[in-house]
Amino acid sequence: MIVDVHVHLGYDHTFDESFEKQYLLGKMAECEGIIQIVQPGTCHNLADVRAQHDAIAALCREFPGRFFGMANPSPHLSDDDYRYEVRRCVRELGFVGIKLHPLAHGVQPGSRAARKVWEMANQLEVPLMVHTGGGVPFAAPVALIPMAREFAQVKVVMAHCGHIILAGEAGAAMDACPNIYGDTSWTPGHSLRGWCRAFGPRLMLGTDHADNLPVELAKIRSSGFTPAEQDGLLFKTALEVYRLKAAI
Ligand SMILES: [Zn+2]
């Protein structure tokens, strides 16, 4: 079993990148039985993000148990619009997580705008994935520590674990907070192995871009992980953190 916790569907209005459905279906063909947690591209208004959330929900309905959704409206929408859309995604569309992108949406994780993101993750009892690495100071992994302590019930997943350059900070964040996890995308095997041994099974396969699937799998399989550690990285931790077991 393979669970990929970080893929996109839709147009990213910050990075001018188009994430197509065919890429996700290609991964299914490449990797039989893969489960993918799908988030939208970065959108800056409610209509765009709602359309992308709806497209993700349609994909989840088309392939039940294979795709799950993650919501990412801009925290700079009005508080009411943000809360309404995230609640709609989780309660009505069945999404399993929320994403916060400090770089793409220009949001410091401890700012006024970001507080509602944490509050909604807490209230709806879903994990919060936060982009880390590129885009400092907002995307610094250590910026998550005070918030992860305040919202100790929220499972926080660092996307990219600091993007190599801030890998040291990613380790410090996991050390400081037992509720901080990470995805494997754009992160070297030796860093992942060190954290796995130091902090236990808190890392999950994330590809971010469809091209990365073979690379991520090869990395996990060739970086000296034990079979049990590989299971943790490839699916076990993700099933538990995103509570997917009942739905597959
Ligand atoms: Zn991403």
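When a ligand or atom number is given, it counts from 1 through the structure's own listing order.
- At a threshold of 4.0 Å, the pair Glu30-Lys27 does not count as salt-bridged, since none of the basic side-chain nitrogens sits closer than that to a carboxylate oxygen.
- Relative orientation of the Phe15 and His101 rings is tilted, given thresholds of 30° and 60° on the angle between their planes.
- Residues Glu119 and Arg83 are paired through a salt bridge, judged by an N-O separation under 4.0 Å between the basic side chain and the carboxylate.
- For Asp79 and Arg112, the salt-bridge test passes: some basic side-chain N is under 4.0 Å from an acidic carboxylate O.
- In summary, an N, O or S atom of His6 is located under 2.8 Å from the Zn ion (ligand 1).
- No other N/O/S atom of Asp208 lies as close to the Zn ion (ligand 1) as OD1 does.
- For residue His8, an N/O/S atom approaches the Zn ion (ligand 1) to within less than 2.8 Å.
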